[in-house]
Amino acid sequence: MRGGQCVTPSGVVRADIGIRAQRIADIGDLAGAQAAEEIDARHLHVLPGVIDSQVHFREPGLEHKEDLHTGSAGAALGGVTAFFEMPNTKPSTETASDLADKVQRGREKSYVDFAFFIGASAANADRLGELEQEPGCSGVKIFMGSSTGSLLVDDPEVLARVLKNGRRRVSVHCEDEARLRERRSLVEGENVPVSAHAEWRDVDTAVIATKHLLRVARQTGRRVHVLHVTTAPEAELLADHKDIATMEVTPQHLTLSAPECYERLGSYAQMNPPIRGAEHQAALWRAIDRGVADVIGSDHAPHTQKEKARSYPQSPSGMPGVQTLVPLMLDHVNAGRLSLIRLVDLVCHGPGRLWGIPNKGRLAVGYDADLTLVDLAAERTITSDKMATRSGWTPFDGRKVTGWPVRTVVRGNTVMVDDSLIGEPGGAPVRFGEVGLSGETRSE
Ligand code: DOR
């Protein structure tokens with residue numbers, strides 16, 4: 001690869017990258033070197049392959065919304081070289097054979113590399129320590145509040161058992177189930193506006209769950225990763241618990257805000273936890289600025305347009321996002337909201353660090369040659385018809401952005417160039433480092 005602006009752990013440097021046997025073999029001035037294939041990156045920035053650590057690709061069981069082929073096609077088209085997929089499929093991913101089945105499907109159908117979460121439940125709580133070590137497992141996922149699917153850990157005793165069993169970082173959807181039940185009447189009856197979603201699943205619903213989780217994490221010494229954080233108080237809490245908890249934010253919570261999104265998009269803006277007002281969004285940006293946020297994940301959660309068109313609250317929660325994560329965030333870089341280096345930390349170095357991935361997430365010799373090439377100056381419009389998701393829509397339809405992924409390379413193989421997929425699916429499971437005694441992940 002010739003002459004790109006490479007975003008390395010030590011800064012942005014103009015360099016050539018030599019790739020051998022799927023790995024980065026050299027970074028620097030390789031003027032005399034010969035290569036079977038040469039990629040001209042002179043006008044581009046070269047990022048380590050972007051890792052999307054939260055997607056719902058719906059297979060098995062919900063393939064009318066998405067599957068590993070369409071979902072991973074969206075990933076490749078969006079500059080994402082690896083994804084971690086959530087367990088609320090049908091059946092939900094709760095056993096070693098559920099996991100092995102998904103890994104096999106991934107090998108057959110995915111354009112990019114992958115791993116799958118195991119869903120915590122009362123039934124598997126005592127076996128999670130073994131299950132999280134299965135090949136292709138990105139760890140345990142807990143739903144503290146009901147969302148799409150039936151996975152739920154709302155009993156404090158089960159939550160404690162889940163955190164006690166196993167050592168890897170646990171990813172958690174923090175909404176308090178008891179409060180959701182108590183407040184459900186707010187959205188019952190005829191003609192309830194979608195904006196009521198954020199009142200029902202209010203700030204306290206999220207804060208109560210996050211506080212409870214942090215208490216149990218302290219008691220058990222287990223590290224936790226709070227998914228799609230949406231509120232200012234949670235961002236503050238997490239700033240005070242950096243030693244034990246990490247924080248994800250999503251592009252949609254950073255980009256859309258209430259009440260405008262509900263007026264414009266109706267139930268297409270409905271997700272859990274909800275899109276909130278400007279004050280909370282500002283807190284998420286502050287968390288990015290202050291180094292409190294650790295990763296950005298898309299929470300790609302597609303539902304068909306027919307399902308979304310049901311009247312609220314029958315409409316399901318969730319929106320697609322894997323293909324728009326990089327374009328939206330590059331646009332925010334161009335708008336001066338964050339630096340490209342910070343973005344790379346959130347979508348490449350961060351996932352590598354949090355999940356202890358020994359060979360991905362960095363532009364460094366010996367690492368997998370996973371590369372996301374972006375044209376920071378490209379002006380494009382995001383449109384639903386260009387989305388690979390089977391659901392066929394994006395909440396960002398019609399949005400003009402500056403900055404676009406133009407080539408996606410997975411272990412040396414180009415899988416996307418100029419908005420077209422290249423070749424056949426060749427994804428492989430992501431490998432994770434050995435787990436140390438304190439719950440810290442150690443790279444090989
Ligand atoms: O809005 C959401 N949709 N939040 C979740 O937690 C799950 C997701 C889905 O799977 O649809």
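As the structure lists them, so they are numbered: ligands from 1, and atoms in each ligand from 1. The first residue of the sequence shown is numbered 1, and numbering continues consecutively from there.
Between Arg342 and Asp345 there is a salt bridge, since at least one side-chain N of the basic residue sits less than 4.0 Å from a carboxylate O of the acidic one. Between Arg167 and Glu132 there is no salt bridge, since no side-chain N of the basic residue sits under 4.0 Å from a carboxylate O of the acidic one.
In this structure Asp294 satisfies the salt bridge (Lys or Arg N to Asp or Glu O under 4.0 Å) test together with Lys242, sequence neighbours excluded.
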Under the side chain to side chain contact (heavy atoms under 4.5 Å, CB included) criterion, do Asp419 and Arg380 qualify, and how do the steps go? CA-CA 11 Å; Asp419 300 321; Arg380 302 283 169 82; 3.6 Å; yes
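Pocket lining of ligand 1, defined as residues with a non-hydrogen atom under 4.0 Å away: His56, Arg58, Asn88, Phe143, Ser147, Thr148, His173, Met271, Asn272, Ala301, His303, Ser317, Gly318.
Not less than 6.0 angstrom separates the ring centroid of His197 from the ring centroid of Tyr262. Between Phe57 and Phe83, the ring centre distance stays below 6.0 Å.
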